[in-house]
Visitor: 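A single structure is presented below for examination.
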Amino acid sequence: MAPLGDGVAPAAAAAPGLVVSFGEMLIDFVPDVAGVSLAESGGFVKAPGGAPANVACAISKLGGSSAFVGKFGDDEFGHMLVDILKQNGVNAEGCLFDQHARTALAFVTLKSNGEREFMFYRNPSADMLLTEAELNLDLIRRARIFHYGSISLITEPCRSAHVAAMRAAKAGGILCSYDPNVRLPLWPSEQAARDGILSIWKEADFIKVSDDEVAFLTQGDANDEKNVLSLWFEGLKLLIVTDGEKGCRYFTKDFKGSVPGYSVQTVDTTGAGDAFVGSLLLNVAKDDSIFHNEAKLREALQFSNACGAICTTKKGAIPALPTTATALELISKGSN
């Protein structure tokens, strides 16, 4: 496979614009032995997690500019997480602490194939209690891209804060990026999850979904392009479907296609989609002609596929996020 351009990753070629991620950051407790249930696990590895925070760290680790907006418990875990953001080069001026609620925890079971099962402790956790009045709208308005998931839509007051932040971004001409990141145990029901996720669907400029999420949202076969295209709407600039190690499919109003993935020794799939999204947003923030230039998009997606693959080779999300050099090394091996 040909190297990317002149051998410099798209991620490293220029200083990109600011990407602001909104939502949850929590502690993932991962069994220290793969393939066992939570009850059977003798010990757990503590890892920072939460999809929007993972995306912010992925961007900064690749040399981009990122910030995080969210709320933490005023506890040791909360302060630890904000310190981790700062250590990873993420702007934390949008982070708040709540004295009356704990930082969210998740116990994540790794099955023998590296896939995950979740048990959450958040009733309510501090991230759910962020209010519209507490938003750092100045930070959001400085963004080139505003990125979010769907977990922040589940309960008030965070849902109203999410919607207000998104509307402020849209009013400022800021690109809105949505990765629904379906976590069914957190929603009251499957239908509530479907309705909640789709309630803000048409606000986004860019949407990334996994093949499993396509199947969930459409209640149909994710491999059937008709089902994927049922998620398309007028005004959407780019829809990406990730297909695990097979790679990804892309859809714009002018072109569509697929980019193959990379086969690696999978240890833990946690954060792989976030590494993918972060690397792609980095390139969009730098040059949004990517939405209209298929060659540029394919090059960026090749890089994103490599970033996602590398993230599966270690336990945890943020500790496993790739650098530009490791992604380029995988691409140069051409092992897809």
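Quick note: numbers below take in every heavy atom, side chains included, and nothing from hydrogens, waters or symmetry partners.
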Visitor: Within the structure provided, determine whether Tyr148 and Leu153 are in side-chain contact (heavy-atom separation under 4.5 Å).
Guide: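 Side chain of Tyr148 against side chain of Leu153, heavy atoms only: no contact under 4.5 Å found.
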Visitor: To the nearest 0.5 angstrom, please state how far the CZ atom of Arg142 sits from the CD atom of Glu93.
Guide: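 Result: 4.5 Å between the selected atoms.
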Visitor: How close do Ala53 and Gly49 get, heavy atom to heavy atom, and via which atoms?
Guide: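 Closest approach of Ala53 to Gly49: CB-O, 4.3 Å.
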Visitor: Is it the case that Ser210 and Asp212 place a side-chain donor and acceptor less than 3.5 Å from each other?
Guide: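 No, because no side-chain N or O of Ser210 sits under 3.5 Å from a partner of the opposite role on Asp212.
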Visitor: Any chance you could measure Arg159, atom CZ, to Ile200, atom CD1, to the nearest 0.5 Å?
Guide: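 CD1 of Ile200 is found 7.5 Å from CZ of Arg159.
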Visitor: So, for Ser279 and Leu62, which heavy atoms are closest and what is the spacing to 0.1 Å?
Guide: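 Shortest heavy-atom contact: CB-CD1, 3.5 Å.
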Visitor: Any side-chain heavy atom of Tyr262 within less than 4.5 Å of one from Gln302?
Guide: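 When only atoms from C-beta onward are counted, Gln302 and Tyr262 do touch, with a gap below 4.5 Å.
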Visitor: For Gln99, is the CD atom crowded, meaning more than 12 foreign heavy atoms sit under 6.0 Å from it?
Guide: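 Atom CD in Gln99 is not crowded, with 12 or fewer foreign heavy atoms closer than 6.0 Å.
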Visitor: How long is the straight-line distance from CG of Leu175 back to CG of Leu281, given to the nearest 0.5 Å?
Guide: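 Nearest 0.5 Å value for the CG-CG distance: 9.5 Å.
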Visitor: Are the side chain of Thr242 and the backbone N or O of Gly244 linked by a donor-acceptor pair below 3.5 Å?
Guide: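 Here the side-chain-to-backbone pair does not exist.
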Visitor: Which atoms form the tightest heavy-atom contact between Ala168 and Arg141, and what is the distance?
Guide: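 Nearest pair, atom of Ala168 first, then Arg141: CB-NH2, 4.4 Å.
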Visitor: For Asn305 and Pro260, indicate whether the former's side chain and the latter's backbone hold a donor-acceptor pair under 3.5 Å.
Guide: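 Yes, Asn305 side chain to Pro260 backbone: donor-acceptor pair under 3.5 Å.
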Visitor: Is the shortest distance from a Lys or Arg side-chain nitrogen in Glu24 or Arg183 to a carboxylate oxygen in the other one below 4.0 Å?
Guide: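 No, this pair does not count.
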Visitor: Angle between ring planes, Phe29 versus Phe107, binned at 30° and 60°: parallel, tilted or perpendicular?
Guide: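 Parallel.
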Visitor: Just wondering, are more than 12 heavy atoms of other shown residues or ligands nearer than 6.0 Å to NZ in Lys170?
Guide: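 Correct, the count exceeds 12.
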Visitor: Determine yes or no for a side-chain-to-main-chain donor-acceptor pair under 3.5 angstrom, with Thr326 supplying the side chain and Thr323 the backbone.
Guide: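 Looks like yes, one N/O pair under 3.5 Å.
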Visitor: Please check this pair: side chain of Ser21 against backbone of Pro52, looking for a donor-acceptor N/O pair closer than 3.5 Å.
Guide: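 Side chain of Ser21 to backbone of Pro52, a donor-acceptor pair under 3.5 Å: yes, one is there.
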Visitor: In this structure, would Met119 and Phe44 fall into the same cluster of hydrophobic residues linked by side-chain contacts under 4.5 Å?
Guide: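 Yes.
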Visitor: Between atom CG of Asn223 and atom NZ of Lys246, what is the distance when rounded to the nearest 0.5 Å?
Guide: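 With rounding to 0.5 Å, CG (Asn223) is 5.0 Å from NZ (Lys246).
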Visitor: Side chain to side chain donor-acceptor pair (under 3.5 Å) between Asp254 and Thr252: does it pass, once the steps are laid out?
Guide: CA-CA 5 Å; Asp254 298 319; Thr252 75; 5.1 Å; no
Visitor: In the structure I gave you, are the side-chain heavy atoms of Leu297 and Leu238 within less than 4.5 Å of one another anywhere?
Guide: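 With C-beta onward as the side chain, the pair touches.
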Visitor: Please name the residue in the list Ile197, Ile240, Leu239 that meets the side-chain contact (heavy atoms from CB on, under 4.5 Å) test with Val209.
Guide: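 For Val209, the side-chain contact (heavy atoms from CB on, under 4.5 Å) test succeeds with only one of Ile197, Ile240, Leu239, which is Leu239.
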Visitor: Taking atom NE2 of His100 and atom CG of Leu129, what is their separation to the nearest 0.5 Å?
Guide: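 Output value for this atom pair is 10.0 Å.
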Visitor: Do Phe206 and Val284 have side chains that get closer than 4.5 Å, going by heavy atoms?
Guide: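 No. Closest side-chain heavy atoms not under 4.5 Å.
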Visitor: Give me the one residue out of Asp205, Val20, Val19 that meets side-chain contact (heavy atoms from CB on, under 4.5 Å) with Phe146.
Guide: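 So, applying the side-chain contact (heavy atoms from CB on, under 4.5 Å) to Phe146 and each of Asp205, Val20, Val19, only Val20 qualifies.
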Visitor: Going from CD on Glu294 to CG on Leu301, what distance comes out if it is rounded to the nearest 0.5 angstrom?
Guide: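 It is 10.0 Å, given to the nearest 0.5 Å.
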Visitor: When you compare the side chain of Ile27 with that of Met80, does any pair of heavy atoms fall below 4.5 Å?
Guide: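 Counting from C-beta outward, Met80 and Ile27 do come under 4.5 Å.
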Visitor: If we only count heavy atoms from C-beta on, is the Ile154 to Trp187 side-chain gap below 4.5 Å?
Guide: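 They are in side-chain contact.
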Visitor: If you compare all heavy atoms of Gly278 against all heavy atoms of Ala58, which two are closest, and at what distance to 0.1 Å?
Guide: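 For Gly278 and Ala58, the tightest heavy-atom pair comes out as CA-CB, 4.2 Å.
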Visitor: Mark yes or no for whether Ser152, through its side chain, and Gly23, through its backbone, hold a donor-acceptor pair below 3.5 Å.
Guide: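 It does not hold such a pair.
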Visitor: Give me the one residue out of Lys256, Lys208, Arg298 that meets side-chain hydrogen bond (donor to acceptor under 3.5 Å, both in side chains) with Tyr250.
Guide: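 That would be Arg298.
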Visitor: Please evaluate residues Leu280 and Ile290 with respect to the criterion side-chain contact (heavy atoms from CB on, under 4.5 Å), reporting the C-alpha separation (whole Å), side-chain torsions for both, the decisive distance (0.1 Å), and the verdict.
Guide: CA-CA 10 Å; Leu280 187 55; Ile290 200 170; 4.3 Å; yes
Visitor: Any donor-acceptor pair under 3.5 Å linking the side-chain atoms of Asp83 with those of Gln87?
Guide: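 No pair is found: no donor N or O on one side chain lies under 3.5 Å from an acceptor on the other.
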Visitor: For the salt bridge (Lys or Arg N to Asp or Glu O under 4.0 Å) test, which of Lys296, Lys237, Arg144 pairs with Asp288?
Guide: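 When Lys296, Lys237, Arg144 are each tested with Asp288, the salt bridge (Lys or Arg N to Asp or Glu O under 4.0 Å) holds only for Arg144.
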Visitor: Quick one: do Val30 and Leu81 end up in the same hydrophobic cluster if we chain Ile, Leu, Val, Met, Phe, Trp and Tyr together by side-chain heavy atoms under 4.5 Å apart?
Guide: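 No; Leu81 is not reachable from Val30 via cluster members.
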Visitor: Hydrophobic clustering (ILVMFWY, side-chain heavy atoms < 4.5 Å, transitive) - are Phe118 and Leu26 grouped together?
Guide: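 Yes, because Leu26 and Phe118 connect within a single hydrophobic cluster, where side-chain heavy atoms sit under 4.5 Å apart.
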Visitor: Mark yes or no for whether Asp75, through its side chain, and Thr103, through its backbone, hold a donor-acceptor pair below 3.5 Å.
Guide: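 Yes, because the side chain of Asp75 sits within donor-acceptor range (under 3.5 Å) of the backbone of Thr103.
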Visitor: Hey, are Asn88 and Ser60 close enough side-chain-wise for a donor-acceptor pair under 3.5 Å?
Guide: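 No.
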Visitor: Under the side-chain contact (heavy atoms from CB on, under 4.5 Å) criterion, do Arg194 and Leu217 qualify, and how do the steps go?
Guide: CA-CA 6 Å; Arg194 215 173 272 116; Leu217 291 170; 4.1 Å; yes
Visitor: Do His79 and Asp74 come close enough that some side-chain heavy atom pair is under 4.5 Å?
Guide: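 Result yes, sub-4.5 Å side-chain heavy-atom pair found.
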Visitor: If we only count heavy atoms from C-beta on, is the Val33 to Ser41 side-chain gap below 4.5 Å?
Guide: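 With C-beta onward as the side chain, the pair stays apart.
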Visitor: Quick one: which of Arg102, Arg122, Lys71 gives a salt bridge (Lys or Arg N to Asp or Glu O under 4.0 Å) with Asp127?
Guide: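 When Arg102, Arg122, Lys71 are each tested with Asp127, the salt bridge (Lys or Arg N to Asp or Glu O under 4.0 Å) holds only for Arg122.
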Visitor: With side-chain contact (heavy atoms from CB on, under 4.5 Å) as the criterion, how do Cys307 and Phe276 come out once you've worked through the C-alpha distance, each side chain's angles and the decisive distance to 0.1 Å?
Guide: CA-CA 6 Å; Cys307 288; Phe276 178 99; 6.0 Å; no
Visitor: Starting from Leu96, can I reach Val82 by hopping between I/L/V/M/F/W/Y residues whose side chains sit under 4.5 Å apart?
Guide: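 Each belongs to a different hydrophobic cluster.
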Visitor: Please test Arg249 against Asp211 for salt bridge (charged side-chain N to carboxylate O under 4.0 Å, His left out), starting from the C-alpha separation and ending with a verdict.
Guide: CA-CA 10 Å; Arg249 289 170 277 168; Asp211 49 357; 5.7 Å; no
Visitor: Check the pair Asp98, Glu134 against side-chain contact (heavy atoms from CB on, under 4.5 Å), reporting the backbone distance first and the verdict last.
Guide: CA-CA 11 Å; Asp98 192 308; Glu134 292 172 317; 5.8 Å; no
Visitor: Which pair of non-hydrogen atoms, one from Ala165 and one from Ile140, has the smallest distance, and what is that distance?
Guide: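 Smallest heavy-atom distance, with atoms named: CB-CD1, 3.7 Å.
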Visitor: Do Ile84 and Val55 belong together in a cluster built from hydrophobic side chains that touch within less than 4.5 Å?
Guide: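 Ile84 does not cluster with Val55.
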Visitor: Evaluate whether atom CD of Gln265 has more than 12 neighbouring non-hydrogen atoms of other residues, nucleotides or ligands under 6.0 angstrom away.
Guide: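 Result for CD/Gln265: open.
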Visitor: Are any side-chain N or O atoms of Asn136 and backbone N or O atoms of Leu139, one a donor and one an acceptor, separated by less than 3.5 Å?
Guide: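 Such a contact is found between Asn136 side chain and Leu139 backbone.
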Visitor: If we check ring pair (Phe, Tyr, Trp, His ring centres under 6.0 Å) with Tyr178, which of these qualifies: Phe233, Trp201, Phe22?
Guide: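 Only one option passes, and that is Trp201.
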Visitor: Considering non-hydrogen atoms only, spot the tightest contact between Cys57 and Leu85 and give its length.
Guide: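 Looking at all heavy atoms of both residues, the closest pair is SG-CD2, 4.0 Å.
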